[in-house]
Amino acid sequence: MQTNKIFSNIRVVLVGTTHPGNIGASARAMKNMGLNNLFLVNPKEFPAPRATWRAANAADILDNAIVVETIDQAIEGCSLVIGTSARDRRIPWPTLDARDCGNRVVNEARSHKVAILFGREDRGLSNEELQKCTYHMNIPTDSEYSSLNLAMAVQLLCYEIRMAFLENSKDNLTWDQPLATADQLESFYDHLFSTLVTLKFYDPENPKQLITRLKRLFSRVRLDQMEVSILRGLLSSIERNLKR
Ligand code: SAH
């Protein structure tokens, strides 16, 4: 019973997948481990016979898959967003291995919605997409060859999620306020950056890494909804005073 509630709060999001066979194999990997919410962001070819064939007895996951055009649609309402990546990026971000990630996802999914993003076969997730994520997850492979097949990466993380659930991790997330969701954070960032432009603290023509660093800062803190509304109130007050 508990499994259903926790697992139904977890979304697997495949971004820009090229090979429909990988979509089918990911659906099978999910169903084997008890997960069933599949989101597809702009798949190249779906529905497709090769996806159904590779899904075997998990065709129901494909039938119920939600196809959307943007990542923002896929992560709407999620307080924890994980971006999986085969390689290090220019600006380091809080990063988990698959085991830690499984534990965090299960704990969070007791009370909140969680999305796990998997990238394109040829180039993974873009930096901008990865910056929407609370954590990055990297499967520590041999450095000679770090990139797993997409569906194998999905399998591995779904397995860790299942193991974490079975181990029934005790450190429940308890907090007096619901955590901010991805869409609430995105609106907060928009508000923050427009205020910073008005203040002339931030020049969009010469952005450097300011935006990335601020997103990383707030992402590390795990803002709750009350904190977001306090910060937005503060921004509105700055704007009102600037206008005077
Ligand atoms: N050349 C791409 C690799 C894409 S592999 C790149 O450099 O990013 C397709 C997807 O599988 C990745 O976007 C990621 O979601 C997942 N994946 C593959 N290897 C992984 C690894 N070692 N750790 C975490 N995710 C991985």
Side-chain angles (χ1 to χ4, degrees), residues 9-11 13 15-16 39 41-42 68-85 87-96 100-101 104-105 107-109 111-119 124-138 173-244:
N9 272 339
I10 303 173
R11 301 175 185 177
V13 181
V15 181
F39 281 67
V41 181
N42 270 329
V68 292
E69 281 177 13
T70 64
I71 290 196
D72 289 334
Q73 291 169 302
I75 64 178
E76 193 179 339
C78 295
S79 60
L80 178 63
V81 181
I82 307 271
T84 63
S85 172
R87 58 199 159 96
D88 289 340
R89 304 292 164 144
R90 218 167 102 210
I91 290 215
W93 204 264
T95 300
L96 307 169
D100 279 346
C101 185
R104 300 238 183 189
V105 166
N107 279 333
E108 183 106 356
S111 50
H112 289 81
K113 289 195 189 301
V114 178
I116 308 164
L117 310 183
F118 292 88
L125 295 165
S126 70
N127 285 335
E128 196 195 330
E129 290 163 349
L130 281 164
Q131 285 173 17
K132 294 182 185 293
C133 301
T134 326
Y135 294 105
H136 295 168
M137 189 286 290
N138 176 255
L173 184 82
T174 48
W175 200 249
D176 59 339
Q177 295 291 328
L179 295 174
T181 61
D183 36 305
Q184 291 166 340
L185 283 178
E186 211 54 48
S187 311
F188 164 61
Y189 293 146
D190 289 345
H191 194 169
L192 175 64
F193 302 136
S194 78
T195 310
L196 295 184
V197 170
T198 317
L199 276 169
K200 298 199 166 45
F201 181 80
Y202 170 62
D203 175 7
E205 299 301 313
N206 182 18
K208 297 213 189 103
Q209 299 287 4
L210 178 73
I211 301 282
T212 306
R213 289 185 186 282
L214 285 176
K215 284 185 175 177
R216 184 174 67 171
L217 166 71
F218 286 114
S219 163
R220 228 166 49 233
V221 176
R222 310 292 326 272
L223 293 169
D224 67 34
Q225 296 185 6
M226 174 75 80
E227 289 160 345
V228 168
S229 60
I230 293 171
L231 287 168
R232 294 201 59 173
L234 178 99
L235 294 172
S236 302
S237 152
I238 292 174
E239 284 165 345
R240 270 195 309 277
N241 278 287
L242 282 175
K243 276 198 201 110
R244 273 196 213 130

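Everything quoted here is computed from the prediction, not taken from an experiment. In this chain, residues are counted from 1 in sequence order. Any value given below was found using the heavy atoms of this structure, including those in side chains, with hydrogens, waters and symmetry copies removed.
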(request) Take L223 and F188, measure what side chain to side chain contact (heavy atoms under 4.5 Å, CB included) needs, and give me the verdict at the end. (result) CA-CA 11 Å; L223 293 169; F188 164 61; 4.1 Å; yes
(request) Kindly indicate, with the supporting measurements, whether the criterion side chain to side chain contact (heavy atoms under 4.5 Å, CB included) is fulfilled by K243 and R240. (result) CA-CA 5 Å; K243 276 198 201 110; R240 270 195 309 277; 5.8 Å; no
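Contact annotation: the side chain of E108 approaches that of R222 to within less than 4.5 Å [non-hydrogen atoms, C-beta and beyond]. In this structure, F218 and L185 have side chains that are not in contact, with every pair of non-hydrogen atoms separated by 4.5 Å or more. No side-chain heavy atom of W93 sits less than 4.5 Å from a side-chain heavy atom of L130. The shortest side-chain heavy-atom distance between K215 and F193 falls under the 4.5 Å cut-off. Using a 4.5 Å cut-off on side-chain heavy atoms (C-beta onward), S194 and E239 make contact. Counting heavy atoms from C-beta outward, I71 and K132 have side chains that approach closer than 4.5 Å. Looking only at side-chain heavy atoms (C-beta outward), R232 and S229 stay at 4.5 Å or farther from each other. Using a 4.5 Å heavy-atom cutoff, the side chains of L214 and L196 are in contact.
A donor-acceptor pair is defined here as one N or O able to donate and one able to accept, closer than 3.5 Å; such a pair exists between the side chain of Q225 and the backbone of L179. Judged purely by atom type and a 3.5 angstrom limit, T195 uses its side chain to pair as donor or acceptor with the backbone of H191. Proximity of a side-chain donor or acceptor of Q131 to a complementary backbone N or O of E128 within less than 3.5 Å is not detected. Looking only at distances, a side-chain donor or acceptor of S219 sits under 3.5 Å from a matching main-chain atom of T134. Remark: the backbone N or O of P94 is not paired with any side-chain donor or acceptor of R220 at under 3.5 angstrom. Put simply, the side chain of N42 never gets that close to the backbone of G16: no donor and acceptor are under 3.5 Å apart.
Between I75 and A115, the closest heavy-atom pair is CG2-CB, 3.9 Å. Residues S79 and H112 come closest through the heavy atom pair OG-CB, 3.1 Å. Of all heavy-atom pairs spanning G77 and T181, the tightest one is O-CG2, 3.5 Å.
Donor-acceptor pairing under 3.5 Å is lacking for the side chains of T70 and D72. For the residue pair R244 and N241, a side-chain donor N or O sits within less than 3.5 Å of a side-chain acceptor on the partner.
Q184 contributes atom CD, which lies 12.0 Å from atom CD of E186 (distance to the nearest 0.5 angstrom).
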Would you tabulate the side-chain donor-acceptor contacts of residues 202-210 under 3.5 Å, counting partners in other chains and residues two or more places apart, or write 'none'?
| residue | atom | partner | partner atom | Å |
| --- | --- | --- | --- | --- |
| D203 | OD1 | E205 | N | 2.9 |
| Q209 | OE1 | T212 | OG1 | 3.4 |

